[in-house]
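Report on the following structure.
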Amino acid sequence: MKYLTDPLAINAVIPELASHSIVWMDTEVADYKTRHPRLSLVQILTETQESYILDVLDQPKLIDDLIQGVMVNPAIQKVFHNAAYDLRFLGKSAAQSVTCTLKLARLIPYHLLPVSSHSLKSLVLHFFQHDLSKAEQSSDWGYRPLTASQLDYARDDIHYLSQVHAALKLLYQKAHYDPAVDSILEIETEILAIQEEWKQLDSRYQYLKERAKAVMLAQDIKETDIFSLKHRTTEKVPFVELAQLGIPIDFEITLNATIRKSLTPDQLNQLTRTLSVSDVLSFRKANSDDAEVD
DNA sequence: CGCGGATAGAAGAAGATGAC
DNA sequence: GTCATCTTCTTCTATCCGCG
């Protein structure tokens, strides 16, 4: 691990970092609760397992050099967890070739990745049974010198990020089939195998939720360990009144059966109609015995 | 705390089905 | 044919998530 605090040393290492085709990155931020958070550390791991911790606190010039040298270069793939957060400090929309493991994790269906949260901590626990201590996450990253424990945390983060990334890529491949060559028969076999069990569970699940809601309403319980019940208000105004106020209205209204009925064919043709078509999958009604006599 | 994006769930619609 | 019911979909908005 290289912990670099000297601006000259950091500047010197940028070309070396830029020579990699993929790096795993993370940042630590000071004053994150205030209106003006400051970038404190940028951690970078290379595919050769070298980790760099760059101290860039109050070094806007250095941060910009890093953005120009690494972030905007499309030839370097940058992997972050919740990239949107780090990009606020590292080039924003100018950053190129950024991969986000949070987004990747969310693309994997629950049955292949059964975790209650897609935070890096949860993913590390799921894949590697390692409790990534997040105690340092909210520590003071604006104070110098940093503690050994802070630096350990900073290094662990990118190390586990690359491991999680690899595990996620495998699962992603497992989850994604090419529909052009996928087998409908295989899908049908699998869905029939679990359908009855799923129906029973789903029925029970919905039923219990309805009961819970009824109980909480009747007994005026607002919150339990697993449920919360709150009011939700929706206010409406007559459309005609809005129109009469001359408020610019620029959205479409679904042409439903009721409105359609009150329009003459002429009126209907005068309107600018846009049609949207969706494809609907449904189960066919289970055939009775005559189906087999085909 | 702030943000961008995801998510849950309510509401309303289309269309298939079923009872009569 | 009419009407009600069921499934599935889209749309909308408040709320949640994840980062430090």
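So you know, we letter chains A, B, ... as the sequences are listed, proteins then strands, and number each from 1.
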In whole Å, what is the span from the [atom1] atom of [X] to the [atom2] atom of [N]?
{"X": "A:L87", "N": "C:dC19", "atom1": "CG", "atom2": "P", "value": "14 Å"}
{"X": "A:D86", "N": "B:dC3", "atom1": "CG", "atom2": "C1'", "value": "13 Å"}
{"X": "A:D26", "N": "C:dG18", "atom1": "CG", "atom2": "P", "value": "16 Å"}
{"X": "A:L120", "N": "C:dC17", "atom1": "CG", "atom2": "P", "value": "17 Å"}
{"X": "A:Y85", "N": "B:dC3", "atom1": "OH", "atom2": "P", "value": "12 Å"}
{"X": "A:R38", "N": "C:dC19", "atom1": "CZ", "atom2": "C1'", "value": "18 Å"}
{"X": "A:L123", "N": "C:dC17", "atom1": "CG", "atom2": "P", "value": "15 Å"}
{"X": "A:L102", "N": "C:dC19", "atom1": "CG", "atom2": "P", "value": "7 Å"}

Sugar-phosphate only, base, or nothing, as touched by [X] at under 4.0 Å among non-hydrogen atoms:
{"X": "A:F80", "value": "nothing"}
{"X": "A:R88", "value": "base"}
{"X": "A:D140", "value": "nothing"}
{"X": "A:S40", "value": "nothing"}
{"X": "A:S119", "value": "sugar-phosphate"}
{"X": "A:S139", "value": "nothing"}

A:K33 side-chain proximity, nearest of B:dG2, B:dA6, B:dC1: B:dC1

Among A:E50, A:Q77, A:E47, side-chain hydrogen bond (donor to acceptor under 3.5 Å, both in side chains) partner for A:H20: A:E47

Residue-phosphate contact under 4.0 Å: A:H81 side-chain N/O, C:dG18 OP1/OP2: no

Any A:S117 side-chain nitrogen or oxygen under 4.0 Å from OP1 or OP2 of C:dG18: yes

Short side-chain donor-acceptor distance under 3.5 Å, A:Y153 and A:E28: no

Whether A:H130 and A:Y160 hold their rings parallel, tilted or perpendicular, with breakpoints at 30° and 60°: parallel

Any donor-acceptor pair under 3.5 Å from A:K78 side chain to A:N73 backbone: yes

Under 3.5 Å: donor-acceptor pair, side chain of A:D86, backbone of A:T27: yes

